Amino acid sequence: MSEVETNAAAHASGVRGADVRVSADAEQVPLIRSFAADIAMRLDFDLDAIEDVRMAVDEACSLLVRAAVPDSSLFCAFELLEDTLRVRVHVDAKSPMPPSADRMSWQILTALASSVTENVEATGDGHRVSIELVTRTGEAAAR
């Protein structure tokens, strides 16, 4: 299962974005990774920054897929501004374990993005675990 939709209200205000929902399955992560790289390319990110976006989104999605409740969905929202790509990814999980508990993956994420935040919130029968990545054009070259 996969689904892509754009937000008409975001287009009207000048903000561009896309929401993607796929099965929370490791086999779906390459689809999201490719989607993120394509968006970064369309924002004129340089080649290094495109690769950083690709790897960061891959790492975030992989972290969350491992925490996801079986047969659930992985949601990924892309918000595109002039020189910034904001990616929000979340899954429903049984455990309230934050993504930063996986120190190696979290270190990779923080090295690849301008900023990385996490959130764990209780839901009726579990938890929603999310990661937000922000990347700006030209940052890979500046590192």
Side-chain angles (χ1 to χ4, degrees), residues 1-137 139-140 143:
M1 157 185 53
S2 61
E3 180 179 307
V4 178
E5 61 183 61
T6 56
N7 184 332
H11 285 291
S13 68
V15 176
R16 299 172 293 164
D19 296 335
V20 180
R21 180 177 61 133
V22 297
S23 297
D25 186 300
E27 292 179 4
Q28 298 297 319
V29 172
L31 174 67
I32 303 295
R33 180 180 63 218
S34 295
F35 194 77
D38 186 69
I39 290 173
M41 181 183 68
R42 291 172 190 272
L43 287 174
D44 290 329
F45 279 41
D46 63 38
L47 292 176
D48 289 335
I50 292 169
E51 190 58 29
D52 285 355
V53 168
R54 181 190 326 264
M55 290 188 301
V57 168
D58 182 84
E59 200 65 45
C61 290
S62 295
L63 263 172
L64 294 180
V65 162
R66 290 193 296 265
V69 173
D71 299 321
S72 63
S73 295
L74 171 73
F75 294 89
C76 191
F78 296 90
E79 183 180 1
L80 298 73
L81 304 170
E82 279 186 34
D83 63 347
T84 303
L85 174 60
R86 177 176 289 127
V87 182
R88 293 182 192 98
V89 186
H90 75 266
V91 295
D92 291 330
K94 287 196 178 215
S95 170
M97 182 80 63
S100 61
D102 184 330
R103 292 185 187 267
M104 181 59 133
S105 293
W106 196 253
Q107 187 173 9
I108 291 169
L109 278 173
T110 57
L112 293 170
S114 305
S115 70
V116 181
T117 56
E118 65 185 345
N119 188 40
V120 178
E121 60 185 81
T123 61
D125 55 349
H127 299 85
R128 173 158 292 156
V129 180
S130 62
I131 297 174
E132 180 179 299
L133 309 167
V134 176
T135 306
R136 292 177 178 80
T137 59
E139 286 202 3
R143 282 194 279 252

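In this text the structure is predicted, and so the values were computed from the model without any measurement.
- In this structure, CZ on R42 lies 11.0 Å from CD1 on I50, to the nearest 0.5 angstrom.
- For the side-chain contact (heavy atoms from CB on, under 4.5 Å) with C76, the lone residue among I32, L31, V22, D19 that qualifies is I32.
- When all heavy atoms of S95 and H127 are compared, the closest pair comes out as C-ND1, 3.8 Å.
- Scanning both residues, S130 and P99, for their nearest heavy atoms gives O-CG, 4.3 Å.
- With S72 contributing its side chain and V69 its backbone, the two residues share a donor-acceptor pair below 3.5 Å.
- Separation of atoms CD (E59) and CE (M104) is listed at 9.0 Å; rounding is to 0.5 Å.
- With hydrogens and angles ignored, the 3.5 Å screen pairs a side-chain donor or acceptor of T110 with a backbone N or O of Q107.
- Atoms CG and CZ, on D83 and R136 in that order, are 7.0 Å from each other to the nearest 0.5 Å.
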*Is there a side-chain contact (heavy atoms from CB on, under 4.5 Å) between L109 and L63 once you walk through the steps?*
CA-CA 10 Å; L109 278 173; L63 263 172; 3.8 Å; yes

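- A donor-acceptor pair under 3.5 Å links the side-chain atoms of E118 to the main chain of S100, judged by distance alone.
- Residue V116 comes nearest to L133 through the heavy atom pair CG2-CD2, 3.7 Å, listed as atom of the first residue, atom of the second, then distance.
- Atom CZ of R86 is separated from atom OG1 of T135 by 10.5 Å, given to the nearest 0.5 angstrom.
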*Start with the C-alpha distance between D102 and R66, add both sets of side-chain angles, then the distance that settles side-chain contact (heavy atoms from CB on, under 4.5 Å), and finish with yes or no.*
CA-CA 11 Å; D102 184 330; R66 290 193 296 265; 3.1 Å; yes

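- Closest approach of S62 to V29, counting heavy atoms only: OG-CG1, 3.9 Å.
- A 6.0 Å sphere centred on CD of E121 holds more than 12 heavy atoms belonging to other residues, nucleotides or ligands.
- Taking CZ of R54 as the reference point, atom CG of D58 lies at 9.5 Å (rounded to 0.5 Å).
- Put simply, CD on Q28 and OG on S73 are 10.0 Å apart, with the number rounded to the nearest 0.5 Å.
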